[in-house]
**Q** 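Sending over a structure as structure tokens; questions will come in a sec.
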Amino acid sequence: MSFRIGQGIDFHQLVEGREFWLGGVLIPHTKGALGHSDADVLLHAICDAILGALSLGDIGQHFPDTDNTYKGIDSKVLLQRCYSLIREKGYWLVNLDCTVLLQAPKIRSHVELMKNTIAHILHMSTDDVSIKATTTEHMSFIGREEGIVATAAVLLQKL
């Protein structure tokens with residue numbers, strides 16, 4: 001039996017006038033993440049974790065921000081494409097553990113929908129998807145609500 005572990009991290013600036021997408025869910029907020037795509041920091045971190053586990057580089061190599069094909073793209077599409085790579089390599093996802101670092105908004109009431117959305121895309125049980133959030137107690141760019149960070153760790157198993 002063969003296992004692969006991957007970890008991913010993503011950062012985005014928060015600005016007014018953008019929708020706030022997190023974990024494939026639109027969350028009401030006064031700011032949204034700035035990026036070439038919908039800037040879903042959580043899905044981007046998961047993509048990087050998957051790509052890293054398979055030694056396939058990073059999200060920027062597969063979906064570069066210099067390619068207008070990906071301008072404004074729904075990050076759920078990017079995650080679906082990363083999932084296809086898992087299957088092509090003969091693996092399946094055992095579990096996924098994520099942490100979101102943000103001061104606001106509070107996301108607890110959205111976590112179950114995020115877990116359901118991600119589990120559906122990755123063909124896994126919601127019991128195998130963990131999403132946690134923490135603030136930085138008003139310290140740093142996160143605490144000043146200037147940005148958001150997400151981390152993800154995945155375990156893949158060979159079929």
**Q** With a 4.5 Å heavy-atom cut-off, do Met114 and Ile107 have their side chains touching?
**A** yes

**Q** For Pro28 and Leu26, which heavy atoms make the closest approach, and how far apart are they?
**A** CD-O, 4.0 Å

**Q** Could you report the tightest heavy-atom contact between Ser75 and Leu43, atom names first, then the distance?
**A** C-CD1, 3.8 Å

**Q** Do you know the tightest heavy-atom contact between Asp48 and Ile59?
**A** OD1-N, 2.6 Å

**Q** Mind checking salt bridge (Lys or Arg N to Asp or Glu O under 4.0 Å) for Arg81 and listing every partner two or more places apart, or none if nothing turns up?
**A** none

**Q** Which side chain to side chain donor-acceptor pair (under 3.5 Å) pairs, counting each pair once, include a residue from residues 150-159, with sequence neighbours left out?
**A** none

**Q** Could you check whether the rings of Phe63 and Tyr70 sit parallel, tilted or perpendicular, using 30° and 60° as the cut-offs?
**A** perpendicular

**Q** Looking at side-chain heavy atoms only, is the closest gap between Leu122 and Ile50 below 4.5 Å?
**A** yes

**Q** Rounded to the nearest 0.5 Å, what's the gap from CZ on Arg144 to CD on Gln103? Could you check?
**A** 11.0 Å

**Q** If you compare all heavy atoms of Val111 against all heavy atoms of Ile131, which two are closest, and at what distance to 0.1 Å?
**A** CG1-O, 3.9 Å

**Q** Is the side chain of Thr136 donor-acceptor paired with the backbone N or O of Gly143 at a distance under 3.5 Å, no angle test?
**A** yes

**Q** By ring-ring contact (aromatic ring centres under 6.0 Å, His included), which residues pair with Tyr91, not counting sequence neighbours?
**A** none

**Q** Measuring from atom CD1 of Ile46 to atom CG of Asp40, what distance do you get when rounded to the nearest 0.5 angstrom?
**A** 8.0 Å

**Q** Kindly state each residue pair satisfying side chain to side chain donor-acceptor pair (under 3.5 Å) with at least one member in residues 52-67, sequence neighbours excluded.
**A** Arg4-Ser55, Asp67-Thr69

**Q** Test: side chain to side chain donor-acceptor pair (under 3.5 Å). Region: residues 113-131. Which pairs qualify, not counting sequence neighbours?
**A** Asp97-Ser130

**Q** For Leu156 and Leu93, what are the C-alpha separation, side-chain angles and deciding distance, and is it a side-chain contact (heavy atoms from CB on, under 4.5 Å)?
**A** CA-CA 5 Å; Leu156 305 181; Leu93 266 154; 3.5 Å; yes

**Q** Does His12 have any ring-ring contact (aromatic ring centres under 6.0 Å, His included) partners at least two apart in sequence or in another chain, and if so, which?
**A** His44

**Q** Give a yes or no answer on whether the side chain of Lys89 reaches the backbone of Leu54 with a donor-acceptor pair at less than 3.5 Å.
**A** no

